[in-house]
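Take a look at the structure below.
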Amino acid sequence: MAERLQKIISQAGVASRRAAEKLIEAGRVAVDGQVVRELGLKFEAEEHIITVDGKPLASRERHVYFLLNKPKGYLSTAKDERGRRTVLDLLPEVRERIYPVGRLDNNTEGLLLITNDGALMNGLLHPKYEVEKTYVARVTGELTPEKIKALREGLLLEDGMTAPARVKLLGEDRGLTRAAITIHEGRNRQVRRMFAAVGCDVRALKRTRFAGLTLLGVPRGQHRALQAQEVQALYRLAGLEEAEA
Ligand code: URA
């Protein structure tokens, strides 16, 4: 993505955006050996040699963002010391050091973001920003209006009350009840524990939505790169100003 020269310089950690503008105006910045004094010109950082006072900017690892449709049987970690399959095995072509944004249980499937952008990851996982996740669960037993009310209003789990959730009954499926639940917390095995608290055992769990993104067009086990505007939207949700990618 082409970006303004002052932004490229500030992202390289040389100076703030304002100070970078002053460096440019002072004729201290060159692109491919040519001094650039005009503010606002855009360049692809990776395709040019940009220098400040003759010193090239340190190269920064490009940020990459993927949406994965995780199948069951893959751990949401970057590495497993016991050699079990991890979600990163599903993105073998990616050379950057990437990590999943949060976790899905080994036997949960669905939407998982994968990136090397630590600032975005922290923001999306921070409870303050209340980033929404929707899961479709297939559970045993009947989901009575009382149970749905309890799930919606908040339940007492071992680690405290759950925040209000949105719950929608989707119907019957092969003897199980299907329901969609939207939460913004991210406690360990939270959805399974919420249903267990109302006497329902989760037999299948799939995350269908995360931070406004869906699995549309991404079959199980496949992934796609996020588009620039999707990354920008995530930045806004995560309380960050703009993508550095
Ligand atoms: N809640 C769960 O119980 N499991 C998951 O994988 C995600 C949310």
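Just so it is clear, the model here is predicted, and its values are computed rather than measured. Every number for a ligand or one of its atoms is a count from 1 in the order of the listing.
Using a 3.5 Å distance cut-off with no hydrogens or angles, the side chains of Tyr235 and Asp117 do pair a donor with an acceptor.
Put simply, the side chain of Arg187 gets close to the backbone of Gly160: a donor and an acceptor are under 3.5 Å apart.
If you number the atoms of ligand 1 from 1 as listed, the ones under 4.0 Å from a heavy atom of Thr108 come out as 4 (N), 5 (C), 6 (O). Which parts of ligand 1 touch Asp105 is read off a 4.0 Å heavy-atom cut-off, strictly below it: atoms 2 (C), 3 (O), 4 (N), 5 (C), 6 (O).
Residue Ile181 is not grouped with residue Val136 when hydrophobic side chains (ILVMFWY) are merged at heavy-atom distances under 4.5 angstrom, including chains of intermediate members.
Residue Val202 does not touch ligand 1, judged by heavy-atom distances below 4.0 Å.
Backbone and side-chain nitrogen or oxygen atoms of Arg189 are examined, and one is located within less than 3.5 angstrom of a nitrogen or oxygen of ligand 1. Polar contact check, Tyr135 against ligand 1: no nitrogen or oxygen pair lies under 3.5 Å apart.
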Original post:
Going through the checks in order, is the salt bridge (Lys or Arg N to Asp or Glu O under 4.0 Å) test met by Asp80 and Arg84?
Top reply: CA-CA 6 Å; Asp80 181 54; Arg84 289 170 297 177; 2.9 Å; yes
Original post:
Passes side chain to side chain contact (heavy atoms under 4.5 Å, CB included), Asn106 versus Lys72? Steps please.
Top reply: CA-CA 6 Å; Asn106 192 35; Lys72 287 190 274 187; over 6 Å; no
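The shortest contact between atom 1 (N) of ligand 1 and any protein heavy atom is with Val191 N, 3.1 Å.
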